[in-house]
Amino acid sequence: SIVGYGMAHYQEKGFAGIPDIIANALTRPVTNWNRDTMRANAVADPARTVIQRVARSGACAFCAMAALNSTKVIEGQTMVMAPRTYRKHFHDHCHCTEEVIFSGEDLITPPYYQTFQSDYDEAKGGTTADVLAKMRVNTGRR
C-alpha cells in the first residue's frame with residue numbers, strides 16, 4: 001500500500017513529497033510495535049486502569065476527536081478502553097501515543113485539547129462522519 005500510494009502521488013505531483021510519505025508510512029509499524037509492547041505489558045499489570053490515546057496538536061480530525069473523547073467521563077466511567085479490548089487505529093501522519101493510566105493517576109489532557117473541544121462543539125450534529133467532515137472543513141485538519 002505504501003508503494004501504491006507513493007506511485008499515485010508521484011504520477012499526480014512528481015517526486016516532491018515522496019520521502020515524507022515513505023518516512024511517515026514506515027514510522028507507523030515501528031510505533032505500533034512499541035504500542036503493542038506497552039499494551040501487552042499493561043494487560044498483565046494489575047495496577048493499570050486504562051490505556052488512553054493522546055494526540056498531538058496537529059492531529060487529523062478523527063484522532064483529535066478520538067483523543068478528546070478519551071478524556072470524557074460519563075456516569076463515572078471513562079470512555080477509554082480497557083487494554084484487552086483496545087483497538088489500534090493510527091495514521092501515518094498523526095503521531096498519536098498510547099499512555100497507560102495507573103490507578104490513582106489522572107487522565108492526560110494537554111492544553112490544546114480545549115481547541116479540540118471547541119472544534120468539536122462547532123461541528124456537532126449528525127452522524128460521526130458528518131461531524132468529522134465539518135471538523136475537517138472548519139479546521140483544515142485531514
Atom pairs and distances, donor-acceptor, side-chain atoms in residues 59-68, under 3.5 Å, two or more places apart:
none

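Within the structure, ring-ring contact (aromatic ring centres under 6.0 Å, His included) contacts touching residues 122-142 (residues at least two apart or in different chains) do not occur. Among residue pairs with one or both ends in residues 114-142, those qualifying as ring-ring contact (aromatic ring centres under 6.0 Å, His included) are Tyr112-Phe116, Tyr113-Phe116; sequence neighbours excluded.
Looking at Arg136, its side chain does come within 3.5 Å of a backbone N or O of Arg142 through a donor-acceptor pair. Judged by distance alone, the side chain of Gln52 and the main-chain N or O of Ile108 form a donor-acceptor pair under 3.5 Å. Judged by distance alone, with hydrogens and angles left aside, the side-chain atoms of Lys134 form a donor-acceptor pair with the main-chain N or O of Gly125 at under 3.5 Å.
Closest approach of Phe15 to Tyr10, counting heavy atoms only: N-CD1, 3.7 Å.
With a 6.0 Å radius and a threshold of 12 heavy atoms from other residues, nucleotides or ligands, Glu105 has its CD atom above the threshold.
Taking 4.5 Å as the limit, every side-chain heavy atom of Val131 sits out of range of all side-chain heavy atoms of Thr128. Asp119 has its side chain out of reach of Asn138: every pair of non-hydrogen atoms, C-beta onward, lies at least 4.5 Å apart.
Taken to the nearest 0.5 Å, the CD atom of Glu99 stands 12.0 Å off from the CZ atom of Arg53. Between the CG atom of Asp130 and the CE atom of Met135 there is a distance of 13.0 Å, given to the nearest 0.5 Å.
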